[in-house]
Amino acid sequence: MEDRKKKRIYIFCVALFLLGGGLFFYNVVKSFTGLGATLNEYAFPGSHSIRLEEKGVYSIYHQYESAFDEGETGGGSVDGNSIVVYLRKAFDAENVELKVPDSKKRYSYMGRRGVKIFEFENPGATDYSIESFSDVPSQGSQYTLVVERGFEITRLKGILISQAFLLVPTLFAIILFMRTYIRS
């Protein structure tokens, strides 16, 4: 009877460990595949209408490299320092103050790379008009700007939650396994 109970506890420990590992990998995949939804890409020069739903600080990145469908990689030949951006609220055409960030944060995600060039505060669900061009006339080629909120935080949260999914069940399984083994 006692041996059966020990076997069940050992099987439970292994199942708990596998469950934690499965949740870990599921969360890692979910976190990193969901990041693309937070990156809103716009081709410039020109203008676009955008709607931002969430309150908070948004960033504008110059995406200097992007991967195309057939494995080709392309990037804008426009220097990020020559990009001029105007952001206006759609309902009253009021200009939004774009701040130059303290540091040039970069991102790399699924073959795309970018550098933060501006940030701004969004008060809540608001419609905007964004216009951009290069202030160097000889650089007339197209480039991509990305408007996003919380890319770094989303990635950090995904990593921390994944670690919790791996560590908590694993530690619990090890403690239970050791306790059962020592008592036998």
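Note: Glu148 CD to Ser59 OG = 4.5 Å, rounded to the nearest 0.5 Å. One distance of note links CZ of Arg8 with SG of Cys13; it measures 14.0 Å at 0.5 Å rounding. Note that OG1 of Thr180 and CD1 of Ile175 are 11.5 Å apart. Values are rounded to the nearest 0.5 Å. One finds the OH atom of Tyr64 at 13.5 Å from the OG1 atom of Thr144 (value rounded to the nearest 0.5 Å). Within the model, atoms CD1 of Ile50 and OG of Ser129 stand 8.5 Å from one another, a figure rounded to the nearest 0.5 Å.
Considering only residues two or more places apart in sequence or on other chains, Glu97 meets the side chain to side chain donor-acceptor pair (under 3.5 Å) condition with none of them. Judged as a ring pair (Phe, Tyr, Trp, His ring centres under 6.0 Å), and not counting sequence neighbours, the contacts of Tyr10 are Phe177. Residues passing the side chain to side chain donor-acceptor pair (under 3.5 Å) test with Asp102, sequence neighbours excluded: none. For Glu94, the side chain to side chain donor-acceptor pair (under 3.5 Å) test picks out no residue, with sequence neighbours left out. Remark: Tyr58 engages no residue in a side chain to side chain donor-acceptor pair (under 3.5 Å) (not counting sequence neighbours). For Glu131, the salt bridge (Lys or Arg N to Asp or Glu O under 4.0 Å) test picks out Arg88, with sequence neighbours left out. For Val168, the side-chain contact (heavy atoms from CB on, under 4.5 Å) criterion is met by no residue, not counting sequence neighbours. Evaluation of the side-chain contact (heavy atoms from CB on, under 4.5 Å) rule for Ile174 yields Thr170, Met178 as partners, not counting sequence neighbours. Applying the side-chain contact (heavy atoms from CB on, under 4.5 Å) test to Ile60 and every residue at least two apart in sequence or in another chain returns Val85, Leu98, Ile117, Phe118, Phe120, Ile130, Leu145, Val147.
Shortest non-hydrogen contact noted between Gln163 and Phe24 is NE2-CE1, 3.8 Å. Annotation for Gln63 and Val146: closest pair OE1-CG2, 3.2 Å, computed over non-hydrogen atoms. What you find for Tyr61 and Lys116 is that their closest heavy atoms are CD2-N, 3.2 Å. A pairwise comparison of heavy atoms in Ala164 and Pro169 identifies O-CD, 3.7 Å as the closest pair. Residues Tyr128 and Lys89 approach most closely at CE2-CG, 3.9 Å, considering heavy atoms.
For the pair Tyr143 and Ser132, the minimum side-chain heavy-atom distance is below 4.5 Å. Proximity of Gln142 to Pro45: side-chain heavy atoms (C-beta onward) are separated by under 4.5 Å at one or more points.
Val14 shares a hydrophobic cluster with Phe17, Leu18; the chain of contacts runs through ILVMFWY side chains whose heavy atoms sit under 4.5 Å apart. Grouped with Leu176 in one hydrophobic cluster are Ile9, Phe12, Leu16, Phe172, the linkage being side-chain heavy-atom contacts under 4.5 Å among Ile, Leu, Val, Met, Phe, Trp and Tyr residues.
Among residue pairs with one or both ends in residues 43-52, those qualifying as side-chain hydrogen bond (donor to acceptor under 3.5 Å, both in side chains) are Arg51-Glu53, Arg51-Asp127; sequence neighbours excluded.
Note on Phe91: it does not cluster hydrophobically with Leu52, by side-chain heavy-atom contacts below 4.5 Å among ILVMFWY residues.
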